[in-house]
Amino acid sequence: WYQRRVREFPIMALLDSFINKTVSIITNDGRNIIGTLRGVDQVVNVIMEESTERVYSKDGVDTVTLGLYIIRGDNVAIIGEIDEEKDSKLDFSKIKAEPLKDLIH
C-alpha cells in the first residue's frame with residue numbers, strides 16, 4: 001500500500017519523512033504555523049499537534065497557541081522541518097518583520 005501511494009503521489013515520500021517531527025507551514029494567506037506533523041494525505045491536507053502561530057510584526061514576534069490544528073492542502077504554500085536546537089536559541093524579542101503578504105495565484 002505504501003509503495004503504491006508513493007508511486008502515485010511522489011510528494012508523499014517527502015512529507016511522510018516529516019511525520020512526528022516539528023515543521024513550519026507557511027499558508028497561502030501568509031500565516032506561519034509551527035507544530036508536530038501528525039498526518040498528511042494525498043492532497044496535502046495536514047494535521048498538526050501542539051501547534052502555534054508565529055505572528056511577525058514591526059514590534060516583534062507574538063506566539064498564538066493553536067493546539068491540534070488542521071490545514072487544508074489548498075492553503076499550504078511551504079512545509080519545512082524545523083531544527084529544534086537552532087529554533088530554541090532564537091531570541092524572538094529581537095526579530096522584527098513585516099507580515100507576509102497573501103500568495104497570489
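Here CG of Asp74 is found 7.5 Å from CG of Asn45. Values are rounded to the nearest 0.5 Å. Between the OG atom in Ser57 and the CD atom in Glu98 there is a gap of 8.5 Å [rounded to 0.5 Å]. To the nearest 0.5 angstrom, Thr27 atom OG1 is 11.5 Å from Ile79 atom CD1. Asn28 contributes atom CG, which lies 5.0 Å from atom CG of Asn75 (distance to the nearest 0.5 angstrom). Here the CD1-NZ distance, from Ile19 to Lys21, works out to 10.0 Å after rounding to the nearest 0.5 Å.
Proximity of Glu53 to Thr63: side-chain heavy atoms (C-beta onward) are nowhere separated by under 4.5 Å. Side-chain contact check for Arg54 versus Phe92: some heavy-atom pair is nearer than 4.5 Å.
A continuous path of ILVMFWY side-chain contacts below 4.5 Å connects Val44 to Ile71, so both sit in one hydrophobic cluster. In the hydrophobic clustering of ILVMFWY residues, with side-chain heavy atoms under 4.5 Å counting as a link, Ile70 and Leu68 come out together. Val55 and Leu90 fall into different hydrophobic clusters, where Ile, Leu, Val, Met, Phe, Trp and Tyr side chains are chained together by heavy-atom contacts under 4.5 Å. Phe18 and Leu66 end up in the same hydrophobic cluster when Ile, Leu, Val, Met, Phe, Trp and Tyr side chains are linked at under 4.5 Å. Cluster annotation: Ile33 is not connected to Ile82 through the hydrophobic network of ILVMFWY side chains, with a link wherever side-chain heavy atoms come within less than 4.5 Å.
Paired with Met48 under the rule side-chain contact (heavy atoms from CB on, under 4.5 Å), one option of Thr22, Val40, Ile25, Ile34 passes, and it is Ile25.
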